[in-house]
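Below is one structure, written out as structure tokens; the observations come after it.
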Amino acid sequence: MGAVLTQNTSWSNVEKAIAKLRAEDALSADNIATVAKFKLAEWLRPVGYFNLKAQRLQNFCRWYLAAGGFKLLCVVETEALRRQLLTVNGIGFETADDILLYAFERPVFVIDAYTRRLFSRLGLIQGNESYKALRMLFEWSLPPDPALYGEYHALIVRHAKSPCASRPACEKCALRARCSAALGSE
DNA sequence: GTCCTGTCTG
DNA sequence: CAGACGGGAC
């Protein structure tokens, strides 16, 4: 659910919405699938796009329940599970892979806007490659370890939030000696 | 390309 | 107070 709520939204806001769902005793697929949409939207207010995300969260929870829940989904092979996730309206490439990695612990490397920005500045990618091309690049370059992928992705996010922000602070960046974007600013 | 559209950061 | 924010659908 966090994967849907964090679309174009910082995680600190997602935590508020999840705390609200918990306080309303609504943090379950059954409750979210059946609650009135306007109510759910009100609880999701902190994440922005709350009407849109209320619909998407219900779409996801209804799919999840129809599929038989976590234990049944756990035996589905990764590619097939990704295809199923992508049939849900509101789940795209990144959200599907977030769920595959963090909920199902599959060795799937999540690509996001931060990954594109950081690695294109480093000079390691162009930045406009397809989602799948970038995912394959990372998965070919690293051992298929879900814990490693999760930590790596989290570190990309952290780095892209502070030194490698849209307005970068290259003088404070530990990677500046290896970064093609930083060389020009020395 | 446009819409969705609240909160945090600098 | 402007811009950014772990996107996706149309």
Side-chain angles (χ1 to χ4, degrees), chain A residues 1-21 23-24 32 37-64 81-122 124-125 127-139 142 146-173 181 185:
Chain A
M1 293 203 274
V4 172
L5 297 182
T6 199
Q7 290 169 359
N8 210 32
T9 301
S10 62
W11 186 254
S12 61
N13 292 350
V14 175
E15 286 181 331
K16 290 179 189 172
I18 290 177
K20 180 64 177 172
L21 292 176
E24 297 288 343
I32 287 177
K37 194 165 66 180
F38 77 91
K39 233 186 214 182
L40 180 57
E42 198 53 43
W43 298 337
L44 297 184
R45 188 171 279 273
V47 299
Y49 311 101
F50 49 84
N51 288 311
L52 189 60
K53 287 180 180 174
Q55 182 65 63
R56 290 181 179 178
L57 209 50
Q58 289 197 316
N59 293 344
F60 171 65
C61 287
R62 286 166 187 163
W63 166 83
Y64 175 86
L81 191 50
R82 177 186 287 115
R83 276 200 302 278
Q84 287 193 45
L85 284 163
L86 289 172
T87 66
V88 180
N89 187 293
I91 294 186
F93 296 133
E94 183 182 337
T95 306
D97 284 352
D98 271 331
I99 294 169
L100 288 173
L101 175 61
Y102 290 106
F104 291 100
E105 298 180 12
R106 306 300 174 90
V108 169
F109 200 96
V110 176
I111 303 298
D112 60 8
Y114 290 149
T115 311
R116 291 178 189 274
R117 181 169 75 206
L118 173 56
F119 282 82
S120 61
R121 282 181 180 165
L122 287 170
L124 298 174
I125 64 172
N128 59 357
E129 293 90 341
S130 72
Y131 181 93
K132 189 173 181 181
L134 289 177
R135 177 166 63 77
M136 297 308 267
L137 173 66
F138 281 87
E139 292 180 3
L142 296 166
L148 172 68
Y149 288 6
E151 177 72 359
Y152 200 144
H153 183 248
L155 291 171
I156 289 172
V157 171
R158 173 171 296 193
H159 193 74
K161 273 181 183 293
S162 58
C164 202
S166 62
R167 208 195 133 125
C170 300
E171 69 284 357
K172 296 193 237 175
C173 180
S185 61

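Lettering of chains follows the sequences in order, A, B, ..., and the numbering in each one begins at 1. Values reported hereafter were calculated over all heavy atoms of this structure, with side chains retained and with hydrogens, waters and symmetry mates removed.
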Notebook entry, point to check: Do the rings of A:Phe119 and A:Tyr152 sit parallel, tilted or perpendicular, given the 30° and 60° boundaries?
Noted result: tilted
Next item on the list: Quickly work out the A:Glu15 CD to C:dC5 C1' distance and round it to whole Å.
Entry: 14 Å
Next item on the list: Rounded to the nearest angstrom, tell me the gap between atom OH in A:Tyr49 and atom C1' in B:dT5.
Entry: 6 Å
Next item on the list: Could you tell me whether the side chains of A:Asp98 and A:His153 share a donor-acceptor contact shorter than 3.5 Å?
Entry: no
Note to self: I need the residues from residues 82-98 of chain A with at least one non-hydrogen atom less than 4.0 Å from DNA chain B; give them sorted by number, or say none.
What the structure shows: none
Notebook entry, point to check: Quantified in whole Å, what is the P atom distance between nucleotide B:dT5 and nucleotide C:dC10?
Noted result: 15 Å
Checklist line | Contact under 4.0 Å: A:Asn13 side-chain N or O vs C:dC5 OP1/OP2 | finding: no
Next item on the list: Would you mind classifying the nucleic acid contact of A:Arg167 as base, sugar-phosphate or nothing, using non-hydrogen atoms under 4.0 angstrom?
Entry: nothing
Notebook entry, point to check: How about A:Lys161 and A:Ser10: does a side-chain donor come under 3.5 Å of a side-chain acceptor?
Noted result: no
Checklist line | Rounded distance (Å) that lies between atom P of C:dG7 and atom CZ of A:Phe60 | finding: 17 Å
Note to self: Can you measure A:Gln55 atom CD to C:dG8 atom P for me and round it to whole angstrom units?
What the structure shows: 16 Å
Note to self: Expressed as a whole number of angstroms, how long is the span from A:Trp11:CH2 to B:dT9:P?
What the structure shows: 16 Å
Check: Touch check for A:Arg117, heavy atoms < 4.0 angstrom, all strands: base, sugar-phosphate only, or nothing?
Finding: sugar-phosphate
Item checked: Exercise: do A:Asn59 and A:Gln55 side chains pair donor with acceptor under 3.5 Å -> yes
Item checked: Nucleic acid contacts of residues 37-47 of chain A, taken as heavy-atom distances under 4.0 Å to DNA chain B -> A:Arg45, A:Pro46
Next item on the list: Using atom NZ of A:Lys53 as one end and atom P of C:dC5 as the other, report the distance to the nearest whole Å.
Entry: 14 Å
Next item on the list: Using heavy atoms to find the nearest nucleotide of DNA chain B for A:Lys161 and A:Gly48 separately, return the residue whose nucleotide is more 5′.
Entry: A:Gly48
Notebook entry, point to check: Hey, does A:Lys39 have a side-chain heavy atom less than 4.5 Å from the side chain of A:Glu24?
Noted result: no
Checklist line | Over 12 non-hydrogen atoms of neighbours within 6.0 angstrom of CD in A:Glu139 | finding: yes
Next item on the list: Would you mind telling me which of A:Leu118, A:Thr115, A:Leu134 makes a side-chain contact (heavy atoms from CB on, under 4.5 Å) with A:Ile125?
Entry: A:Leu134
Next item on the list: Using modelled atom types only, decide if a donor and an acceptor are shared between the side chain of A:Arg117 and the backbone of A:Cys164 within a distance under 3.5 Å.
Entry: yes
Checklist line | Interatomic distance where CD belongs to A:Gln7 and C1' belongs to C:dA4 [whole Å] | finding: 17 Å
Item checked: Any donor-acceptor pair under 3.5 Å from A:Glu129 side chain to A:Gly127 backbone -> yes
Item checked: DNA chain B: 5'-proximal contact among A:Ser12 and A:Asn51 (nearest heavy atom) -> A:Asn51
Next item on the list: Measure the distance from CG on A:Leu52 to P on B:dC4 and round it to the nearest whole Å.
Entry: 10 Å
